[in-house]
Amino acid sequence: MRFAPSPSGDLHVGNIRTALYDWAYARHTGGTFVFRIEDTDRIRVTDEYIAAAVDTLRWLGLDWDEGPEKGGEHGPYLQSQRMDIYAGWARRFLDDGHAYSCYCTPEELESRREQARSEGRAPGYDGHCRALSPEQVAAYVAEGRRPVVRFRMPEGSTTFADSIRGEVTFDHAFVPDFVLVRADGYPLYTLAVAVDDILMKITDVLRGEDLLSSTPRQIAVYRAMGVADEDFPRFGHLPFVMGTDNVKLSKRNGEVSVAWYRHHGFLPEAVCNYLALLGWSPGEDRELFSLEEMAEAFTLERVNRNPARFDMKKLEAINGDKIRALPAADFVERILPFLATAGLVSNPVTAEERGLVEGGAPLVQERSSRLTEAVEMLGFLLVDEEHFTVEEEAAARALTPEQRPVLAAAREALAGLGEWTTSAVEAALRAALVEGLGLKPKHAFSPVRVAITGRRVSPPLFESIELLGRERSLSRLDDGLAVASGG
RNA sequence: GCCCUCAUCGUCUAGAGGCCCAGGACUCCGCCCUUUCAAGGCGGCAGCACGGGUUCGAAUCCCGUUGGGGGCACCA
């Protein structure tokens, strides 16, 4: 089990789905979950990147047994810190003939690729430098060419049992010799993964299907290292997560950054739950579960082989379910950071603010499919009175001259109220507006709602009025009246 | 072009020869509940890509076709 992202930006949805399956498989089987950072294409990854990746994984609730910040007996877990290990193996392959120096320039390769393509031949490396004579080598060196180290793919074919797809075979005729070390001396992924898998004693690899056809190359390197077949890791290739346009999910066709979902009010348990469903199912029509339940039920046999489309609507539905399932106190803790970001509570939160939040939270919890919606709905309650505003469209619809009598009657009824409770508020408003003015409840409460909350959609009105308190409520009705009067 | 791979409602999926004239969820549409919006309840639209086999019997097995995806880098 291993999860090895390469640091090309934020951890994205596809990475995380892979990590999740790796994690669940490791936990289910009691194995070791190794988190390795594949950064051979960089001098070194920034500490910020590692910190962000670690942070995202931890936020989701995934923990690893070996890797960054955790250590382990097969470290270091950053490939950029293992360069001399790879260099050692490259030298050895050169010496024993598993690899050779290739002096072809990128331009030459490109033009020969083009030619092969136009002639309908396979565009891979043509073996040009496989058997150079000492004279040819000397000539290239004299030209100042710097060689790459290229792996000599043996004849034959490779068959391996993919743990998700079953037996897969590749004829080596279609697996061209590939580069292990660049001309500047930097090792490539092709070398590093294979070496690390063996050195880190990886038993199972779950990765994207884009790597399916590079598996025979990896296996060939294991063989060259002298590793016995039974010590090779098992490979499982997961289908991609696609966007709705059926193209691999990316920045172009959707939100891919897990950090984005985090900042837009998605719960980690919802993200995990939804991602788990993209290619796996516990069966029996079950689709809501915790990470622990997933680990319990996760088997490779139940992983789907076909790619799944990412559906934001479904994610939101699950997020809403998870939000509703939160204990009330937990929900408060989850929205507090968002309220602070929105400037609706101080940081740290004061006792008074917390009181209001705790009062309002139960009203919005079941109405939110994202935490950010809860924040929007609670705004009227937490905003400083001088910053309170009524949405333009709501005012235009509900705070009109015709509604003046309604607002006035509501104000009067509430002003005379002795006990300021939800039920008292409701009774007073019903008596004044529904019975008194003969209005349908729907129409009676709409202007009041807009005056009190500033929006046409809000938490339940009577509870909101109770929480707002007498003074603030009456003052907002006064302001609403002024607006309705054309103020 | 060649190689690999995949194929159940619009989407995610259950289904591992008869339990399926295909079940659940999301979306969408009605209705109920209702102070708005949600939630909840009830109901509805909608699918086994196609063609051949195998079998008493196929969504499930085999072959082909079509379609999708991936790969063929001094990326990973």
Side-chain angles (χ1 to χ4, degrees), chain A residues 4-8 38-41 102 104-106 109-110 113 116-125 146-150 162 165 168-171 173-176 178-184 186 188-190 192-193 207-216 237 239-240 242 244 246-248 274 277-288 301-302 304-318 320-321 324 364-369 373 377 398 426 429-430 433-434 440-446 448-450 453 455-464:
Chain A
S6 36
S8 51
E38 293 183 342
D39 57 343
T40 53
D41 61 336
C102 168
C104 298
T105 64
L109 293 172
E110 181 54 35
R113 246 196 305 275
R117 244 188 261 275
S118 68
E119 290 170 10
R121 301 196 327 268
Y125 187 67
R146 308 249 321 225
V148 300
V149 178
R150 200 178 275 280
D162 190 286
R165 289 155 199 271
V168 180
T169 299
F170 285 90
D171 188 324
F174 305 109
V175 185
F178 53 96
V179 175
L180 296 173
V181 182
R182 309 201 309 194
D184 63 11
Y186 275 97
L188 254 22
Y189 163 85
T190 48
V193 255
R207 42 155 40 164
E209 65 169 320
D210 51 333
L211 263 9
L212 183 59
S213 53
S214 87
T215 305
H237 292 91
F240 285 132
M242 317 293 270
T244 45
N246 207 33
V247 173
K248 187 177 171 183
Y274 177 65
L277 254 16
L278 252 30
W280 176 80
S281 144
E284 294 173 350
D285 295 339
R286 198 152 129 69
E287 57 175 23
L288 256 26
E301 293 73 54
R302 296 198 63 90
N304 270 100
R305 289 184 288 271
N306 50 322
R309 251 79 27 193
F310 187 90
D311 181 6
M312 183 74 89
K313 287 270 182 45
K314 177 94 175 184
L315 206 210
E316 284 185 340
I318 288 177
D321 283 330
R324 266 171 254 121
V364 299
Q365 181 169 1
E366 68 169 14
R367 296 182 155 69
S368 308
S369 58
E373 291 174 43
M377 285 190 279
E426 175 167 8
L429 288 178
R430 280 191 192 280
L433 308 182
V434 180
K440 289 230 187 286
K442 190 173 182 169
H443 299 115
F445 302 128
S446 181
V448 180
R449 180 185 308 283
V450 170
T453 67
R455 305 167 41 141
R456 300 183 67 212
V457 173
S458 80
L461 183 58
F462 313 125
E463 285 85 345
S464 298

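Note that these values count all heavy atoms, side chains included, but never hydrogens, waters or copies made by symmetry. Every value quoted in this text rests on a predicted model; they were computed, and no experiment measured them. Numbered from 1 within each chain, the chains take letters A, B, ... in sequence-line order.
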Nearest-Å distance for atom pair CG/C1', residues A:Asp210 and B:A73
14 Å

Pair partner, B:G57 [Watson-Crick or wobble, under 3.5 Å]:
none

When you compare B:A7 with B:A16, how far apart are their P atoms, in angstrom units rounded to a whole number?
16 Å

Atom NE2 of A:His237 and atom P of B:U5 are separated, to the nearest Å, by 12 Å

Between B:C21 and B:G47 - C1' atom distance, rounded Å:
13 Å

A:Val148 near the nucleic acid: base, sugar-phosphate alone, or nothing, with a heavy-atom cut-off under 4.0 Å?
base

Could you tell me which nucleotide pairs with B:A38 by Watson-Crick or G-U wobble geometry, both distances under 3.5 Å, or answer none if nothing does?
none

Rounded to the nearest 0.5 Å, how far does OG1 of A:Thr169 lie from CG of A:Asp162?
11.5 Å

Is there side-chain contact between A:Leu211 and A:Val193, with at least one heavy-atom pair below 4.5 Å?
no

Would you kindly compare A:Pro459 and A:Arg305 by the position of their nearest RNA chain B nucleotide and give the one closer to the 5′ end?
A:Arg305

Strictly by Watson-Crick or wobble contacts shorter than 3.5 Å, is anything paired with B:A16, and which nucleotide is it?
none

From A:Met242 atom CE to A:Phe310 atom CZ, the distance as rounded to the nearest 0.5 Å
14.0 Å

Could you check whether A:Val168 gets within reach of a base, just the sugar-phosphate, or nothing at all, counting any heavy atom under 4.0 Å?
sugar-phosphate

Length of the CD-P vector between A:Glu426 and B:U36, whole Å:
12 Å

Taking the same atom, P, in B:G15 and in B:U54, what whole-Å distance lies between them?
29 Å

Kindly say whether, by distance alone, the side chain of A:Arg449 makes a donor-acceptor pair under 3.5 Å with the base of B:U35?
yes

Please work out if A:Cys104 contacts a base, only the sugar-phosphate, or nothing of the nucleic acid, heavy-atom cut-off 4.0 Å.
base

Euclidean distance, atom CZ of residue A:Phe170 to atom P of B:C2 [Å, nearest integer]
17 Å

Checking N1-N3 plus N6-O4 or O6-N4 for Watson-Crick, or N1-O2 and O6-N3 for wobble, each under 3.5 Å, the partner of B:G1 is B:C72

Rounded to whole Å, how long is the line connecting atom CZ of A:Phe240 with atom C1' of B:G69?
8 Å

Hey, does A:Met377 reach any base, or is it just sugar-phosphate, or nothing, if we go heavy atoms under 4.0 Å?
nothing

What contact category does A:Pro441 fall into here, base, sugar-phosphate, or nothing, at under 4.0 angstrom with non-hydrogen atoms?
sugar-phosphate

Show, in sequence, the C-alpha distance, side-chain angles and deciding distance for A:Asp311 and A:Lys313, and conclude whether the salt bridge (charged side-chain N to carboxylate O under 4.0 Å, His left out) test is met.
CA-CA 5 Å; A:Asp311 181 6; A:Lys313 287 270 182 45; over 6 Å; no

A:Asp171 CG to B:C72 P, in whole Å, measures 17 Å

Nearest-Å distance once atom C1' is located in both B:G10 and B:C29
14 Å

Considering only atom C1', compute the distance from B:C19 to B:C32 and round it to an integer number of Å.
34 Å

Are any side-chain N or O atoms of A:Ser464 and backbone N or O atoms of A:Pro460, one a donor and one an acceptor, separated by less than 3.5 Å?
yes

Tell me which nucleotide among B:G69, B:U35, B:A38 gets nearest to the side chain of A:Glu209.
B:G69

For A:Arg286, which contact category applies under a 4.0 Å heavy-atom criterion: base, sugar-phosphate, or nothing?
nothing

Measure from the side-chain heavy atoms of A:Glu38 and tell me the nearest of B:A38, B:A76, B:C6.
B:A76

Taking C-beta and beyond as the side chain, do A:Phe170 and A:Thr215 meet within less than 4.5 Å on heavy atoms?
no

Measuring only the C1' atom in each nucleotide, how far is B:C62 from B:G44? A whole number of Å is fine.
39 Å

Mind checking the P distance from B:C33 to B:C20? Whole angstroms is fine.
35 Å

Applying the Watson-Crick and G-U wobble criteria at under 3.5 Å, what pairs with B:G43? Answer none if nothing qualifies.
B:C29

Scan A:Phe174 against the nucleic acid and name what it touches under 4.0 Å (heavy atoms): base, sugar-phosphate only, or nothing.
sugar-phosphate

To the side chain of A:Arg182, which of B:G1, B:C75, B:U35 is closest?
B:C75

Separation of A:Phe178 CZ from A:Ser214 OG (nearest 0.5 Å)
8.5 Å

Identify whether any heavy atom of A:Leu211 sits under 4.0 Å from a base atom; if not, whether one sits that close to sugar-phosphate; answer base, sugar-phosphate or nothing.
base

Spacing between A:Leu429 atom CG and B:U36 atom C1', to the nearest angstrom:
14 Å

Counting only side-chain N and O atoms of A:Arg150, is one of them less than 4.0 Å from OP1 or OP2 of B:C74?
yes

Here's a test of your reading of the structure: between A:Pro147 and A:Thr169, which maps to the more 5' nucleotide of RNA chain B?
A:Thr169

Tell me whether A:Thr190 contacts the main-chain N or O of A:Val179 through its side chain, where contact means a donor paired with an acceptor under 3.5 Å.
yes

I want to check one thing: is the phosphate of B:C37, taken as OP1 and OP2, less than 4.0 Å away from some side-chain N or O of A:Arg455?
no

Under a 3.5 Å cut-off for both contacts, is B:G64 paired Watson-Crick or G-U wobble with anything, and if yes, with which nucleotide?
B:C50

Which nucleotide, B:C4, B:C74, B:C26, lies nearest any side-chain atom of A:Leu109?
B:C74

If I pick the P atom on B:A59 and the same atom on B:A73, what distance separates them, to the nearest angstrom?
43 Å

When every nucleotide of nucleotides 9-15 of chain B is labelled 5' to 3' by its protein contacts under 4.0 Å (heavy atoms), B for base, S for sugar-phosphate only, - for none, what sequence of letters results?
--SSSSS

For residues A:Arg430 and A:Phe445, determine if any side-chain heavy atom of one lies less than 4.5 Å from a side-chain heavy atom of the other.
yes

For A:Arg324, which contact category applies under a 4.0 Å heavy-atom criterion: base, sugar-phosphate, or nothing?
sugar-phosphate

Identify whether any heavy atom of A:Gln365 sits under 4.0 Å from a base atom; if not, whether one sits that close to sugar-phosphate; answer base, sugar-phosphate or nothing.
nothing

Are A:Thr40 and B:A76 close enough that a side-chain N or O sits under 4.0 Å from OP1 or OP2?
yes

Rounded to whole Å, CZ of A:Arg456 lies from P of B:U35 at a distance of 17 Å

May I ask you to check whether A:Arg182 and A:Thr40 show a side-chain donor-acceptor distance below 3.5 Å?
no

Does atom CD of A:Glu284 have more than 12 heavy-atom neighbours from other groups under 6.0 Å away?
no

